[in-house]
2 protein chains.
Amino acid sequence: MRDSPLVADATRERIKDHARAIGYIYNRRAASLRTSRSGIVGVVVHDIMNPFFAEILRSIETELDRSRQTFLLSNHYDQLEKQRTFIDTLLQLGADGVIMSPAIGTPSEDIAMVEGNGLPAVLIARSVEGADVPVFRGDDAYGIGLATNHLISLGHTRIAMIGGTDQTSTGRDRYHGYVNAMEAAGLEVREGWRIPGPRTKQAGFEATQRFLAIEEKPTAAVCWNDLVAIGLMNGILRAGLTPGVDISVTGYDDLEEAVIATPALTTVWNGQREVGRRAARTLLDRLNGVEVHGGQELIRPELHVRSSTGVPRER
Amino acid sequence: MRDSPLVADATRERIKDHARAIGYIYNRRAASLRTSRSGIVGVVVHDIMNPFFAEILRSIETELDRSRQTFLLSNHYDQLEKQRTFIDTLLQLGADGVIMSPAIGTPSEDIAMVEGNGLPAVLIARSVEGADVPVFRGDDAYGIGLATNHLISLGHTRIAMIGGTDQTSTGRDRYHGYVNAMEAAGLEVREGWRIPGPRTKQAGFEATQRFLAIEEKPTAAVCWNDLVAIGLMNGILRAGLTPGVDISVTGYDDLEEAVIATPALTTVWNGQREVGRRAARTLLDRLNGVEVHGGQELIRPELHVRSSTGVPRER
DNA sequence: CTGAAAGCGCTTACAG
DNA sequence: CTGAAAGCGCTTACAG
């Protein structure tokens, strides 16, 4: 059945025909028990329904399909406990490897434990300090700098930052990138101009009130991602203002949706496809015994200017 | 380790301590080989990144987590081949059951084969003619009738239908529901008022041109789902018209996003949570040996009126 | 080129 | 209450 060259063609065919006839089903558990290879790769991210991760997953799926690996998906919703349960399941099933976007607070010991149990890991989108495994993510500080500088070059001086958290490497890098760009241009950064929060449309929509109430009336908002930006733009529209005219808004990620948002969203392409593709390939390489070095691989983001940004206008 | 009552407490604790100390990992493949229970439930849908399925999946996830079942997810992208490969994988892994939203063209023999191999199946969102398994889906004909009648009661007489396909049970039911509502009100249904297509924002957005070019200038559009409706509204906005004022638009599904769309979308709540919850529970019942009868269970949809619909206005 | 034996790590049933 | 044996369905290595 395994197309071994040690078996005569005629015999092989005879056996295969018979297998088909009786509806034989290959038992992967038994095979895996013997070979200690399962053909399963685990993938765990914050939330697979978030289009940012969804786009990464799609390219991982493409790569793994090609190598006939089954992929086991899970959300961790940034709950360490849920992530650990999933990792346990992978170990129990004898998974061959894992691609993870680590939950907030993942200690490097967790990664070391995974690797120590013979489960090669590759990280995406977020890094874990002290973990010696390959990491693929965008260059967030650089990327958010592109968005901030774009607004500055249009003449904006009061620029708010909406959404995100300090608890992930991504969140810290994006905030620093924004602060650095502002300071490099000699602009003030006020604590009140920052509205942290979840990274969803809902959160962006709900942040609108607070944003519009800021005393110094910022003329632009750098949003943590496209979802927050689209939510904020909807909120701005509801308030009777026009995004891209009255208030400039930038996103981050360049989701497929960014193009059809109204107005079309100026955003930073974050290389989701690239991240997924390279993470999957690197993991497959490791499974095939190729020596791979740990450390971050930063995908360089690009600014995509559309209609949600323009010259400042006082309210 | 399995907390058998046949083992003395002291022994149990001694063994468990030792297991922890040496980092013992339970081998589920071996256990499953012996017991022929794997703790794996497969879930296959058109596209997990589609928020409609995502919302169903979330409630399935909640139910399965509660019963400590691992769930293996897959998209089939309406490719029969991909669906079959996934089912094969489930059989090979000795999965305990499968929840599926069958790909377009799934023959009832495929479902019978699955069941025949000891893999209990439950269908969601779409049914398969001749398959004798439980099906949970919304009452699409009734639901689309709610949307259509709402528009008719506002005074609309030229109502288009955007998106969807005749190739799924859902698609056929929604189209018939629309036609029936129109005819019951003595209104004409023109072939040119129907613009079938994919069920995505992108598709809704791209349908705008064709929609606006229809000669009889419909004053309202019944959309196949919220994604198409949001895409269409974005297209209408770009064309300089205002959805809910110049053109009324209804969605279907009542995604979380419907509330924050601009204008807020009038749509039909389709009971995603309910579908997922009941499908998962029914499957778990079957796994526990409870006798379950096949046949459709229709969740009754509800109309949620918001701001994207109003009285007709001539263009 | 083919066949028979051993063993992967569990669970079950049985003997002590 | 504990221990030893058999067997789930594969793959590997070895003998013919």
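Naming convention: chains lettered A, B, ... in sequence-line order (proteins, then strands); numbering from 1 in each chain. All values reported here derive from a predicted model rather than from experimental measurement.
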For this session: Starting at atom OH of B:Y26, determine the distance to atom C1' of C:dC10, rounded to an integer number of angstrom.
Result: 7 Å

Problem set entry | Interatomic distance where CZ belongs to A:R37 and P belongs to C:dG9 [whole Å] | 17 Å

Seminar exercise, completed: Secondary structure of DNA chain C per the Watson-Crick/G-U criterion (both distances under 3.5 Å; [ ] crossing, | other strand, . unpaired) is |||.||||||||.|||

Seminar exercise, completed: Rounded to whole Å, CD of B:Q92 lies from P of D:dC8 at a distance of 20 Å

Problem set entry | Donor-acceptor side-chain pairing of B:Q83 and B:T106 below 3.5 angstrom | yes

Problem set entry | Separation of atom CZ in A:R29 from atom C1' in D:dC8, rounded to whole Å | 9 Å

Exercise. Can you tell which of C:dG9, D:dC10, C:dC10 lies closest to the side chain of B:L33?
Worked result: C:dG9

Seminar exercise, completed: Atom CD1 of B:I22 and atom P of C:dG9 are separated, to the nearest Å, by 12 Å

Exercise. Mind checking whether A:H46 and A:Y77 have parallel, tilted or perpendicular rings, split at 30° and 60°?
Worked result: perpendicular

Problem set entry | Among D:dG9, C:dT12, C:dG9, the one nearest A:N27 by side-chain distance | D:dG9

Exercise. Given atom CZ of A:R34 and atom P of D:dC8, what is their separation to the nearest angstrom?
Worked result: 17 Å

Seminar exercise, completed: Rounded to whole Å, OH of A:Y24 lies from P of D:dG9 at a distance of 10 Å

Exercise. Do the charged groups of A:D47 and B:R58 touch, with an N to O distance under 4.0 Å?
Worked result: yes

For this session: Check A:R273, A:R68, A:R281, A:R278 against A:E63 for a salt bridge (charged side-chain N to carboxylate O under 4.0 Å, His left out) and give me the one that passes.
Result: A:R281

Seminar exercise, completed: Per side chain to side chain contact (heavy atoms under 4.5 Å, CB included), B:L73 is matched among B:I60, B:V45, B:V43 by B:V43

For this session: With rounding to the nearest 0.5 Å, note down the distance linking CD1 in B:I25 to CG in A:N117.
Result: 3.5 Å

